[in-house]
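Let me begin by presenting the structure, written as structure tokens, before commenting on it.
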Amino acid sequence: MSSSADRKDAVAGGRGNLVVISGPSGTGKTSICNLLLSRLPQAVWSISATTRPLRGEESAGSSYEYIDADEFARRRANDDFLESAEYCGHWYGTPIGPVKRWIAEGKIVITEIDVQGGMQIAARLPESHRIFVLPPDFESLKARLAGRRTESAEHMASRLEKADGEIAIARDSACYQHFVTNDVLDDTVTEIIDIITNKQPA
Ligand code: 5GP
């Protein structure tokens with residue numbers, strides 16, 4: 001079993017870095033990540049593995065790698081994930097292999113993960129940029145989730161209920177260096193690019 005210091009070095013050996021984008025469902029994290037990828041030439045997207053079923057607009061292999069619970073547990077036990085967490089009854093994890101390779105190649109690896117994952121990354125890769133996206137207000141969050149129309153009312157309610165808790169955990173854990181309110185998408189992305197390219201202090 002390797003020590004946590006060994007594992008940290010094994011991931012962070014290169015010149016690149018990892019960016020964590022977290023925030024409650026419906027805050028626009030996916031749009032932010034897509035814009036970061038189109039505006040930063042050295043950015044790459046880390047495709048997570050998940051046990052949750054494919055949602056309306058998604059396609060297998062580009063949004064997520066969809067695997068069953070047994071396969072997830074096997075990979076998790078094998079230390080194949082940089083971080084992993086259970087969220088609203090489904091498992092999510094960041095495959096470690098591509099992240100290690102990209103960081104060594106000098107890439108900026110963009111991950112969109114929940115607060116539990118953010119905390120694991122803070123411990124394992126302290127030099128990463130960890131950004132928590134806040135909605136301008138609770139009503140806009142509700143409207144965005146309702147507009148998605150790809151989930152059951154029950155699922156949507158569970159995600160809304162989770163939002164407050166996630167914000168509190170993100171603040172209390174102190175593992176995010178930046179809190180960014182996503183009011184105007186383009187401004188939010190510019191602010192995050194300034195953080196990533198070190199134009200803003202951590
Ligand atoms: P969704 O089901 O809406 O795609 O994602 C649910 C939550 O899981 C979101 O907060 C999303 O950021 C998070 N998530 C997606 N991929 C990962 C991952 O690889 N690890 C962790 N910890 N969370 C993830």
Side-chain angles (χ1 to χ4, degrees), residues 11 18-37 44-69 71-73 75-76 78-100 102 109-125 128-135 141-142 144-171 173 175-176 178-180 182 188 192:
V11 178
L18 185 106
V19 176
V20 171
I21 304 289
S22 299
S25 279
T27 42
K29 286 170 295 173
T30 305
S31 307
I32 291 170
C33 290
N34 286 336
L35 280 173
L36 288 175
L37 288 164
V44 287
W45 172 241
S46 162
I47 298 178
S48 296
T50 185
T51 61
R52 92 146 157 71
L54 197 117
R55 209 157 56 198
E57 77 283 8
E58 297 174 342
S59 54
S62 58
S63 306
Y64 284 107
E65 184 189 1
Y66 300 89
I67 59 178
D68 65 28
E71 170 74 1
F72 197 100
R75 289 208 214 167
R76 192 161 176 261
N78 206 30
D79 253 346
D80 285 350
F81 295 123
L82 176 61
E83 60 71 39
S84 59
E86 193 177 9
Y87 183 98
C88 288
H90 299 295
W91 279 92
Y92 298 79
T94 304
I96 196 167
V99 172
K100 272 166 94 165
W102 284 325
V109 184
I110 311 285
T111 59
E112 188 204 308
I113 62 181
D114 83 326
V115 276
Q116 305 170 74
M119 289 194 269
Q120 294 170 45
I121 300 271
R124 199 161 173 184
L125 268 180
S128 58
H129 297 286
R130 297 173 304 278
I131 298 157
F132 194 88
V133 182
L134 296 163
L141 188 67
K142 222 166 145 181
R144 277 196 201 161
L145 273 179
R148 205 142 81 178
R149 289 175 198 281
T150 47
E151 283 159 291
S152 67
E154 188 194 339
H155 229 96
M156 197 181 95
S158 122
R159 279 170 186 253
L160 271 176
E161 203 175 293
K162 218 169 158 54
D164 265 349
E166 282 176 297
I167 295 170
I169 294 169
R171 289 207 188 278
S173 70
C175 73
Y176 291 88
H178 301 271
F179 286 81
V180 172
N182 184 23
T188 308
I192 294 176

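FYI, side chains are in, hydrogens and waters are out, and symmetry mates aren't considered; it's all heavy atoms of this structure. The first residue in the sequence is number 1, and the count goes up from there. Start at 1 and go down the list; that is how both ligands and their atoms are numbered.
Considering backbone and side-chain N/O of Ser84, none are found under 3.5 Å from N/O of ligand 1. At least one N or O atom of Ser48 sits closer than 3.5 Å to an N or O atom of ligand 1.
Against a heavy-atom cut-off of under 4.0 Å, Gly93 is close to the following atoms of ligand 1: 18 (C), 19 (O), 20 (N). Within ligand 1, counting atoms from 1 as listed, the ones closer than 4.0 Å to a heavy atom of Arg52 are 1 (P), 2 (O), 4 (O). Using a 4.0 Å cut-off to heavy atoms of Thr94, the atoms of ligand 1 that qualify are 19 (O). Every atom of ligand 1 is numbered from 1 in the order shown, and the set under 4.0 Å from a heavy atom of Tyr64 is 1 (P), 4 (O), 5 (O), 15 (C), 16 (N). Which parts of ligand 1 touch Glu112 is read off a 4.0 Å heavy-atom cut-off, strictly below it: atoms 11 (C), 12 (O), 14 (N), 15 (C), 16 (N), 17 (C), 24 (C). When each atom of ligand 1 is checked for a heavy atom of Gly117 under 4.0 Å away, the hits are 22 (N). For ligand 1, the atoms closer than 4.0 angstrom to any heavy atom of Ala85 are 22 (N). Of all atoms in ligand 1, listed by their number and element, those nearer than 4.0 Å to a heavy atom of Glu83 are 18 (C), 19 (O), 20 (N), 21 (C), 22 (N).
When atom types are taken as modelled, the side chain of Lys29 and the backbone of Gly23 share a donor-acceptor pair closer than 3.5 angstrom. No donor-acceptor pair closer than 3.5 Å links the side chain of Thr111 to the backbone N or O of Trp45. Although no hydrogens or angles enter the test, the distance criterion places no donor-acceptor pair under 3.5 Å between the side chain of Gln120 and the main chain of Leu82. Judged by distance alone, the side chain of Ser22 and the main-chain N or O of Phe132 form no donor-acceptor pair under 3.5 Å. Side-chain atoms of Gln116 come within 3.5 Å of backbone N or O of Glu86 as a donor-acceptor pair.
Residue contact annotation: Gln120 has no non-hydrogen atom under 4.0 Å from ligand 1. Residue Phe81 places every heavy atom at 4.0 Å or more from ligand 1.
Relative ring orientation between Trp91 and Phe72 is described as tilted, the plane-to-plane angle lying within the 30° to 60° band.
When non-hydrogen atoms are compared, ligand 1 lies under 4.0 Å from neither the backbone nor the side chain of His90. With a 4.0 Å heavy-atom cut-off, ligand 1 is reached by no atom of Gln116.
A donor-acceptor pair shorter than 3.5 Å can be found between the side chains of Ser128 and Arg130. With 3.5 Å as the limit, one finds a donor-acceptor pair spanning the side chains of Asn182 and Thr188.
Between Leu18 and Trp102 the shortest side-chain heavy-atom distance does not fall below 4.5 Å.
In this comparison of Lys162, Glu65, Lys29, Met119, the heavy atom closest to atom 11 (C) of ligand 1 sits on Lys29.
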Exercise for the section: Start with the C-alpha gap between Ile21 and Leu36, add the side-chain angles, then the distance that decides, and say whether side-chain contact (heavy atoms from CB on, under 4.5 Å) holds. Expected result: CA-CA 11 Å; Ile21 304 289; Leu36 288 175; 4.1 Å; yes
